[in-house]
There are 2 protein chains.
Amino acid sequence: MASKAAVPLSQNESPLKQSLLNAKQSHLLDQLQAAGHELSGQDLHARLRGTPHGMGLATVYRHLRQLQQRGLVRCRHLPSGEALYAPTERDEHHLTCVDCGRTLPLRVCPMHDVQLQPQQLDGFQLLFHTLEFFGICPSCQDRQDAP
Amino acid sequence: MASKAAVPLSQNESPLKQSLLNAKQSHLLDQLQAAGHELSGQDLHARLRGTPHGMGLATVYRHLRQLQQRGLVRCRHLPSGEALYAPTERDEHHLTCVDCGRTLPLRVCPMHDVQLQPQQLDGFQLLFHTLEFFGICPSCQDRQDAP
DNA sequence: TGTCCAAATGAGTATCATTCTCAATTCGAC
DNA sequence: GTCGAATTGAGAATGATACTCATTTGGACA
Ligand SMILES: [Zn+2]
Ligand SMILES: [Zn+2]
Ligand SMILES: [Zn+2]
Ligand SMILES: [Zn+2]
(Lines give C-alpha, C1' and ligand atoms only; values in the text may rest on other atoms or scores of the structure.)
(Ligands and ions follow the chains in the order given, each with its own letter.)
Protein backbone atom coordinates (compact mmCIF):
# COMPACT_ATOMS: atom_id res chain seq x y z
CA MET A 1 0.00 0.00 0.00
CA ALA A 2 2.86 2.21 0.48
CA SER A 3 2.37 4.44 -2.17
CA LYS A 4 1.28 5.42 -5.27
CA ALA A 5 3.54 8.13 -6.30
CA ALA A 6 2.66 10.66 -3.89
CA VAL A 7 -0.58 11.34 -5.63
CA PRO A 8 -2.59 11.38 -2.49
CA LEU A 9 -5.94 10.94 -4.10
CA SER A 10 -6.02 8.25 -6.65
CA GLN A 11 -6.63 8.66 -10.31
CA ASN A 12 -9.94 6.91 -10.15
CA GLU A 13 -11.23 9.80 -8.15
CA SER A 14 -14.79 10.52 -9.12
CA PRO A 15 -16.44 13.92 -9.33
CA LEU A 16 -18.70 12.76 -6.52
CA LYS A 17 -15.72 12.04 -4.35
CA GLN A 18 -14.08 15.33 -5.15
CA SER A 19 -17.14 17.41 -4.51
CA LEU A 20 -18.43 15.76 -1.38
CA LEU A 21 -15.46 14.54 0.58
CA ASN A 22 -13.05 16.45 2.72
CA ALA A 23 -9.40 15.51 3.08
CA LYS A 24 -9.85 13.19 6.04
CA GLN A 25 -12.71 11.33 4.44
CA SER A 26 -10.62 10.83 1.31
CA HIS A 27 -7.75 9.47 3.36
CA LEU A 28 -10.03 6.94 4.99
CA LEU A 29 -11.42 5.85 1.64
CA ASP A 30 -7.93 5.65 0.14
CA GLN A 31 -6.84 3.51 3.04
CA LEU A 32 -9.75 1.14 2.56
CA GLN A 33 -9.13 0.87 -1.17
CA ALA A 34 -5.42 0.35 -0.70
CA ALA A 35 -5.85 -2.29 1.99
CA GLY A 36 -7.55 -4.68 -0.41
CA HIS A 37 -9.59 -6.14 2.43
CA GLU A 38 -12.00 -5.00 5.07
CA LEU A 39 -10.83 -2.93 8.01
CA SER A 40 -12.47 -2.08 11.30
CA GLY A 41 -12.71 1.43 12.69
CA GLN A 42 -10.00 0.53 15.17
CA ASP A 43 -7.82 -0.80 12.34
CA LEU A 44 -8.13 2.43 10.41
CA HIS A 45 -7.32 4.50 13.45
CA ALA A 46 -4.24 2.38 14.16
CA ARG A 47 -3.02 2.43 10.57
CA LEU A 48 -3.21 6.19 10.30
CA ARG A 49 -1.63 6.89 13.65
CA GLY A 50 1.75 8.46 13.22
CA THR A 51 1.22 9.27 9.55
CA PRO A 52 0.48 12.83 8.47
CA HIS A 53 -3.13 11.75 8.11
CA GLY A 54 -3.64 10.50 11.65
CA MET A 55 -6.94 11.36 13.29
CA GLY A 56 -8.83 10.63 16.49
CA LEU A 57 -11.03 7.61 16.89
CA ALA A 58 -14.16 9.74 17.11
CA THR A 59 -13.31 11.33 13.78
CA VAL A 60 -12.72 7.96 12.17
CA TYR A 61 -16.19 6.76 13.17
CA ARG A 62 -17.84 10.05 12.28
CA HIS A 63 -16.44 9.95 8.77
CA LEU A 64 -17.09 6.27 8.26
CA ARG A 65 -20.75 7.00 8.98
CA GLN A 66 -20.78 9.83 6.47
CA LEU A 67 -19.05 7.73 3.83
CA GLN A 68 -21.75 5.14 4.33
CA GLN A 69 -24.46 7.76 3.97
CA ARG A 70 -22.94 8.78 0.66
CA GLY A 71 -22.91 5.16 -0.48
CA LEU A 72 -19.12 5.00 -0.80
CA VAL A 73 -18.49 2.59 2.04
CA ARG A 74 -20.35 -0.42 3.35
CA CYS A 75 -19.90 -2.44 6.52
CA ARG A 76 -20.68 -5.89 7.79
CA HIS A 77 -20.63 -7.20 11.34
CA LEU A 78 -18.67 -10.21 12.46
CA PRO A 79 -20.34 -12.61 14.87
CA SER A 80 -18.10 -10.95 17.44
CA GLY A 81 -19.92 -7.69 16.89
CA GLU A 82 -16.95 -5.94 15.30
CA ALA A 83 -17.85 -3.95 12.19
CA LEU A 84 -15.67 -4.24 9.09
CA TYR A 85 -15.69 -1.55 6.44
CA ALA A 86 -15.02 -1.78 2.70
CA PRO A 87 -15.49 0.49 -0.33
CA THR A 88 -18.78 -0.29 -2.06
CA GLU A 89 -17.03 -0.27 -5.42
CA ARG A 90 -15.48 -3.55 -4.32
CA ASP A 91 -18.55 -5.76 -4.58
CA GLU A 92 -17.30 -8.63 -2.43
CA HIS A 93 -19.10 -10.92 -0.06
CA HIS A 94 -18.21 -13.85 2.16
CA LEU A 95 -18.99 -17.29 3.35
CA THR A 96 -18.51 -17.61 7.10
CA CYS A 97 -18.42 -20.66 9.35
CA VAL A 98 -20.97 -20.29 12.15
CA ASP A 99 -18.84 -22.51 14.32
CA CYS A 100 -15.20 -21.41 14.09
CA GLY A 101 -15.76 -18.10 12.34
CA ARG A 102 -13.47 -18.86 9.41
CA THR A 103 -14.28 -16.58 6.50
CA LEU A 104 -13.99 -17.26 2.78
CA PRO A 105 -14.27 -14.44 0.24
CA LEU A 106 -16.54 -15.15 -2.73
CA ARG A 107 -15.06 -14.32 -6.08
CA VAL A 108 -18.24 -12.96 -7.61
CA CYS A 109 -21.35 -11.27 -6.31
CA PRO A 110 -24.38 -13.46 -6.96
CA MET A 111 -26.53 -10.32 -6.92
CA HIS A 112 -24.45 -8.76 -9.62
CA ASP A 113 -27.14 -8.70 -12.25
CA VAL A 114 -30.23 -9.25 -10.16
CA GLN A 115 -32.41 -6.17 -10.24
CA LEU A 116 -34.77 -5.07 -7.51
CA GLN A 117 -38.26 -4.24 -8.76
CA PRO A 118 -38.88 -0.48 -8.73
CA GLN A 119 -42.13 -1.09 -6.90
CA GLN A 120 -40.18 -2.75 -4.11
CA LEU A 121 -37.97 0.29 -3.77
CA ASP A 122 -40.86 2.51 -2.73
CA GLY A 123 -38.98 5.62 -3.81
CA PHE A 124 -35.72 4.71 -2.13
CA GLN A 125 -32.54 5.64 -3.96
CA LEU A 126 -30.49 2.45 -3.81
CA LEU A 127 -26.86 2.86 -2.72
CA PHE A 128 -25.43 -0.59 -1.94
CA HIS A 129 -26.16 -3.97 -0.47
CA THR A 130 -24.63 -6.39 1.98
CA LEU A 131 -24.81 -10.12 1.36
CA GLU A 132 -23.25 -12.77 3.55
CA PHE A 133 -23.50 -16.54 3.53
CA PHE A 134 -23.18 -18.73 6.59
CA GLY A 135 -22.49 -22.43 6.91
CA ILE A 136 -20.21 -25.01 8.42
CA CYS A 137 -16.64 -25.32 7.17
CA PRO A 138 -15.16 -28.73 6.30
CA SER A 139 -13.06 -29.06 9.44
CA CYS A 140 -15.98 -28.16 11.71
CA GLN A 141 -18.11 -30.73 9.86
CA ASP A 142 -15.49 -33.36 10.65
CA ARG A 143 -15.33 -32.36 14.28
CA GLN A 144 -19.12 -32.68 14.56
CA ASP A 145 -19.23 -36.08 12.95
CA ALA A 146 -16.64 -37.64 15.22
CA PRO A 147 -16.23 -35.81 18.49
CA MET B 1 -39.81 -27.21 33.29
CA ALA B 2 -43.33 -27.76 33.63
CA SER B 3 -44.43 -30.28 31.24
CA LYS B 4 -43.94 -31.66 28.01
CA ALA B 5 -46.80 -33.90 27.64
CA ALA B 6 -48.87 -30.85 27.20
CA VAL B 7 -47.32 -30.34 23.83
CA PRO B 8 -46.17 -26.82 24.25
CA LEU B 9 -44.16 -27.14 21.09
CA SER B 10 -45.99 -26.43 17.95
CA GLN B 11 -47.22 -28.85 15.36
CA ASN B 12 -44.80 -27.71 12.71
CA GLU B 13 -42.01 -29.18 14.75
CA SER B 14 -39.45 -30.78 12.49
CA PRO B 15 -37.41 -33.88 13.24
CA LEU B 16 -34.33 -31.71 13.27
CA LYS B 17 -35.84 -29.46 15.83
CA GLN B 18 -36.98 -32.35 17.97
CA SER B 19 -33.68 -34.12 17.94
CA LEU B 20 -31.34 -31.21 18.43
CA LEU B 21 -33.10 -28.64 20.54
CA ASN B 22 -33.74 -28.58 24.22
CA ALA B 23 -36.82 -27.01 25.75
CA LYS B 24 -35.39 -23.54 26.18
CA GLN B 25 -34.10 -23.40 22.64
CA SER B 26 -37.50 -24.43 21.34
CA HIS B 27 -39.19 -21.71 23.35
CA LEU B 28 -36.89 -19.10 21.86
CA LEU B 29 -37.53 -20.35 18.36
CA ASP B 30 -41.28 -20.47 18.98
CA GLN B 31 -41.17 -16.92 20.22
CA LEU B 32 -39.33 -15.75 17.11
CA GLN B 33 -41.74 -17.56 14.81
CA ALA B 34 -44.77 -16.24 16.68
CA ALA B 35 -43.52 -12.66 16.70
CA GLY B 36 -43.66 -12.39 12.93
CA HIS B 37 -40.77 -9.94 12.96
CA GLU B 38 -37.21 -9.74 14.16
CA LEU B 39 -36.42 -9.56 17.84
CA SER B 40 -33.26 -8.65 19.70
CA GLY B 41 -31.79 -10.74 22.50
CA GLN B 42 -33.05 -8.16 24.96
CA ASP B 43 -36.52 -8.34 23.40
CA LEU B 44 -36.65 -12.09 23.80
CA HIS B 45 -35.49 -11.91 27.38
CA ALA B 46 -38.14 -9.29 28.18
CA ARG B 47 -40.93 -11.17 26.43
CA LEU B 48 -40.24 -14.39 28.28
CA ARG B 49 -39.83 -12.78 31.67
CA GLY B 50 -42.67 -13.70 33.94
CA THR B 51 -43.86 -16.53 31.72
CA PRO B 52 -43.15 -20.13 32.67
CA HIS B 53 -40.42 -20.06 30.03
CA GLY B 54 -38.44 -17.15 31.44
CA MET B 55 -34.67 -17.47 31.37
CA GLY B 56 -31.60 -15.38 32.14
CA LEU B 57 -30.08 -13.07 29.61
CA ALA B 58 -26.92 -15.15 29.38
CA THR B 59 -28.99 -18.20 28.53
CA VAL B 60 -30.90 -16.33 25.86
CA TYR B 61 -27.69 -15.33 24.10
CA ARG B 62 -26.12 -18.76 24.56
CA HIS B 63 -29.04 -20.46 22.87
CA LEU B 64 -29.38 -17.89 20.14
CA ARG B 65 -25.80 -18.65 19.21
CA GLN B 66 -26.50 -22.37 19.15
CA LEU B 67 -29.63 -21.88 17.07
CA GLN B 68 -27.53 -19.95 14.60
CA GLN B 69 -24.95 -22.71 14.51
CA ARG B 70 -27.69 -25.17 13.66
CA GLY B 71 -28.91 -22.90 10.88
CA LEU B 72 -32.34 -22.33 12.44
CA VAL B 73 -31.88 -18.67 13.27
CA ARG B 74 -30.16 -15.81 11.51
CA CYS B 75 -29.33 -12.33 12.69
CA ARG B 76 -28.57 -8.95 11.22
CA HIS B 77 -27.03 -5.93 12.91
CA LEU B 78 -28.61 -2.51 12.93
CA PRO B 79 -26.34 0.48 12.42
CA SER B 80 -26.79 0.97 16.15
CA GLY B 81 -24.99 -2.31 16.76
CA GLU B 82 -28.06 -4.08 18.06
CA ALA B 83 -28.53 -7.58 16.64
CA LEU B 84 -31.97 -8.70 15.45
CA TYR B 85 -32.82 -12.37 15.20
CA ALA B 86 -35.28 -14.18 12.94
CA PRO B 87 -35.97 -17.80 12.00
CA THR B 88 -34.15 -18.70 8.78
CA GLU B 89 -37.29 -20.33 7.43
CA ARG B 90 -38.63 -16.79 7.07
CA ASP B 91 -36.50 -15.63 4.14
CA GLU B 92 -37.00 -11.90 4.55
CA HIS B 93 -34.68 -8.99 3.92
CA HIS B 94 -34.84 -5.23 4.15
CA LEU B 95 -34.16 -1.90 2.57
CA THR B 96 -32.79 0.58 5.09
CA CYS B 97 -32.26 4.32 4.87
CA VAL B 98 -28.65 5.19 5.67
CA ASP B 99 -29.77 8.59 6.87
CA CYS B 100 -32.81 8.19 9.13
CA GLY B 101 -32.65 4.42 9.60
CA ARG B 102 -36.18 3.75 8.36
CA THR B 103 -36.54 0.14 7.35
CA LEU B 104 -38.72 -1.37 4.66
CA PRO B 105 -39.25 -5.15 4.48
CA LEU B 106 -38.89 -6.66 1.02
CA ARG B 107 -41.65 -9.00 0.00
CA VAL B 108 -39.47 -11.50 -1.80
CA CYS B 109 -35.88 -12.65 -1.52
CA PRO B 110 -33.96 -11.79 -4.69
CA MET B 111 -31.59 -14.66 -3.93
CA HIS B 112 -34.44 -17.10 -3.77
CA ASP B 113 -33.42 -19.13 -6.77
CA VAL B 114 -29.85 -18.01 -7.26
CA GLN B 115 -27.49 -20.89 -6.62
CA LEU B 116 -23.95 -20.62 -5.38
CA GLN B 117 -21.43 -22.56 -7.47
CA PRO B 118 -20.25 -25.66 -5.60
CA GLN B 119 -16.68 -24.65 -6.37
CA GLN B 120 -17.26 -21.41 -4.51
CA LEU B 121 -18.45 -23.29 -1.45
CA ASP B 122 -15.08 -24.96 -0.94
CA GLY B 123 -16.68 -27.77 1.06
CA PHE B 124 -18.80 -25.53 3.26
CA GLN B 125 -22.26 -26.81 4.15
CA LEU B 126 -24.50 -23.83 3.44
CA LEU B 127 -26.99 -22.92 6.18
CA PHE B 128 -28.44 -19.48 5.44
CA HIS B 129 -27.68 -16.03 4.13
CA THR B 130 -28.21 -12.42 5.10
CA LEU B 131 -28.98 -9.78 2.50
CA GLU B 132 -29.69 -6.14 3.20
CA PHE B 133 -30.10 -3.16 0.91
CA PHE B 134 -29.23 0.39 1.83
CA GLY B 135 -30.27 3.66 0.25
CA ILE B 136 -31.90 6.99 0.87
CA CYS B 137 -35.62 7.15 1.60
CA PRO B 138 -37.86 9.66 -0.20
CA SER B 139 -38.16 12.07 2.70
CA CYS B 140 -34.40 12.12 3.29
CA GLN B 141 -33.90 12.78 -0.44
CA ASP B 142 -36.18 15.80 -0.14
CA ARG B 143 -34.36 17.09 2.91
CA GLN B 144 -31.04 16.83 1.05
CA ASP B 145 -32.30 18.64 -2.03
CA ALA B 146 -33.67 21.63 -0.17
CA PRO B 147 -32.07 22.11 3.21
C1' DT C 1 -2.86 41.05 8.00
C1' DG C 2 -6.19 40.81 12.05
C1' DT C 3 -10.95 39.63 13.60
C1' DC C 4 -14.79 36.92 13.65
C1' DC C 5 -17.78 32.88 13.48
C1' DA C 6 -18.96 28.30 12.11
C1' DA C 7 -17.37 23.89 11.31
C1' DA C 8 -14.19 20.27 12.46
C1' DT C 9 -11.51 17.89 15.79
C1' DG C 10 -10.14 14.69 19.60
C1' DA C 11 -9.31 13.32 24.55
C1' DG C 12 -11.83 11.63 27.67
C1' DT C 13 -16.17 9.70 29.25
C1' DA C 14 -20.62 7.37 28.80
C1' DT C 15 -23.38 3.83 26.89
C1' DC C 16 -25.06 -0.51 26.29
C1' DA C 17 -25.42 -4.99 23.97
C1' DT C 18 -23.04 -8.98 24.54
C1' DT C 19 -19.88 -12.20 26.89
C1' DC C 20 -17.69 -14.12 30.85
C1' DT C 21 -17.36 -16.12 35.62
C1' DC C 22 -18.46 -19.21 38.77
C1' DA C 23 -21.40 -20.89 42.39
C1' DA C 24 -25.82 -23.07 42.51
C1' DT C 25 -29.14 -26.01 40.37
C1' DT C 26 -30.86 -29.58 37.50
C1' DC C 27 -30.44 -33.78 34.90
C1' DG C 28 -29.48 -38.56 33.99
C1' DA C 29 -27.64 -42.82 34.84
C1' DC C 30 -26.83 -46.25 37.97
C1' DG D 1 -30.80 -41.95 46.71
C1' DT D 2 -26.05 -40.72 45.00
C1' DC D 3 -22.73 -38.79 42.05
C1' DG D 4 -20.64 -36.49 38.12
C1' DA D 5 -21.79 -33.79 34.09
C1' DA D 6 -24.31 -30.34 31.95
C1' DT D 7 -27.19 -26.24 32.38
C1' DT D 8 -28.37 -22.07 34.43
C1' DG D 9 -28.34 -17.09 35.88
C1' DA D 10 -26.84 -12.96 38.69
C1' DG D 11 -23.57 -9.98 38.46
C1' DA D 12 -19.25 -8.22 36.72
C1' DA D 13 -16.26 -7.53 32.71
C1' DT D 14 -15.60 -6.38 28.04
C1' DG D 15 -15.21 -3.63 24.11
C1' DA D 16 -16.78 -1.21 20.21
C1' DT D 17 -19.03 2.86 19.26
C1' DA D 18 -21.37 7.36 20.47
C1' DC D 19 -21.29 11.50 22.98
C1' DT D 20 -19.42 15.93 25.32
C1' DC D 21 -17.38 19.92 25.14
C1' DA D 22 -13.31 22.75 25.18
C1' DT D 23 -9.96 23.74 21.64
C1' DT D 24 -8.35 24.30 16.97
C1' DT D 25 -8.83 25.24 12.19
C1' DG D 26 -10.21 27.71 8.06
C1' DG D 27 -12.12 31.00 5.34
C1' DA D 28 -14.79 35.47 4.71
C1' DC D 29 -14.33 39.94 5.33
C1' DA D 30 -12.44 44.44 6.63
ZN1 LIG E 1 -15.50 -23.90 11.02
ZN1 LIG F 1 -22.77 -7.70 -4.14
ZN1 LIG G 1 -34.47 8.41 5.51
ZN1 LIG H 1 -33.00 -14.50 1.24
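Chain identifiers are assigned alphabetically (A, B, ...) following the order of the sequence lines, protein sequences preceding nucleic acid strands; residue numbering begins at 1 within each chain. Computed from heavy atoms alone, side chains included, the values below leave out hydrogens, waters and symmetry copies.
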Can you list the other members of the hydrophobic cluster that holds A:Leu84, where links are side-chain heavy atoms under 4.5 angstrom apart? A:Leu78
Using the test side chain to side chain contact (heavy atoms under 4.5 Å, CB included), find all partners of B:Val108 that sit at least two apart in sequence or belong to another chain. A:Gln120
So if I take residues 39-47 of chain B and measure heavy-atom distances to DNA chain D, which residues fall below 4.0 Å? none
Going 5' to 3' along DNA chain D, between which two nucleotides do contacts with chain B fall, using a heavy-atom cut-off of 4.0 Å? D:dT8 to D:dA10
Is any side-chain heavy atom of A:Leu28 less than 4.5 Å from a side-chain heavy atom of A:Lys24? no
Would you kindly give the CZ-to-C1' distance between A:Arg62 and C:dA8, to the nearest whole Å? 7 Å
Output the rounded distance in Å from NZ (A:Lys24) to C1' (C:dA7). 13 Å
A:Gln25 CD to C:dA8 P: how many Å, rounded? 9 Å
Report the residues that fulfil ring pair (Phe, Tyr, Trp, His ring centres under 6.0 Å) with B:Phe134, sequence neighbours left out, ordered by chain and then residue number. A:Phe128
Are the side chains of B:His27 and B:Thr51 in touch, meaning some heavy atoms are under 4.5 Å apart? no
Using atom types as modelled, flag every donor-acceptor pair under 3.5 Å from a side chain in residues 60-67 of chain B to any protein atom, sequence neighbours excluded.
{"residue": "B:Tyr61", "atom": "OH", "partner": "B:Gln42", "partner atom": "NE2", "Å": "3.4"}
{"residue": "B:Arg62", "atom": "NH2", "partner": "B:Thr59", "partner atom": "OG1", "Å": "3.4"}
{"residue": "B:Gln66", "atom": "OE1", "partner": "B:Gln25", "partner atom": "NE2", "Å": "2.5"}

Under a single-linkage rule joining Ile, Leu, Val, Met, Phe, Trp and Tyr whose side-chain heavy atoms are separated by less than 4.5 Å, which residues share a cluster with B:Met111? A:Leu95, A:Leu104, A:Leu106, A:Met111, A:Val114, A:Leu116, A:Leu121, A:Phe124, A:Leu126, A:Leu131, A:Phe133, B:Leu95, B:Leu104, B:Leu106, B:Val114, B:Leu116, B:Leu121, B:Phe124, B:Leu126, B:Leu131, B:Phe133
Rounded to whole Å, please give me the gap between CG in A:Leu28 and C1' in C:dT9. 13 Å
Sorted by chain and number, sequence neighbours left out, side chain to side chain contact (heavy atoms under 4.5 Å, CB included) with B:Ile136 holds for A:Gln125, A:Leu127, B:Val98, B:Cys140, B:Gln141, B:Gln144
State, to 0.1 Å, how close A:Pro87 and A:Arg74 come at their nearest heavy-atom pair, and which atoms those are. O-NH2, 3.9 Å
Atom-to-atom span, CZ of A:Arg65 to P of C:dT9 - whole angstrom: 13 Å
If you look only at pairs with a residue in residues 90-108 of chain A, which of them pass as a side-chain hydrogen bond (donor to acceptor under 3.5 Å, both in side chains), with sequence neighbours excluded? A:Glu38-A:His94, A:Asp91-A:His93, A:Asp91-A:His129, A:His93-A:His129, A:His94-A:Glu132, A:Thr96-A:Thr103
C:dA8 C1' sits how many Å from A:His63 NE2, rounded? 7 Å
In terms of side-chain heavy atoms of B:Tyr61, which of C:dT9, C:dA11, C:dA17 is nearest? C:dA17
Relative orientation of the end axes in the helix from C:dT1-D:dA30 to C:dC30-D:dG1, expressed as an angle to the nearest 10° (five pairs per end): 30°
Would you mind reading off the distance between A:Leu21 atom CG and C:dA8 atom P, rounded to a whole angstrom? 13 Å
Indicate, with a heavy-atom threshold strictly under 4.0 Å, whether A:His77 touches base, sugar-phosphate, or nothing. nothing
Between atom CG in A:Leu64 and atom P in C:dA8, what is the gap in whole Å? 16 Å
Mapping A:Gly56 and B:Ala58 to their closest nucleotides on DNA chain C, which lands nearer the 5' end? A:Gly56
With sequence neighbours left out, what residues match B:His77 under ring pair (Phe, Tyr, Trp, His ring centres under 6.0 Å)? A:His77
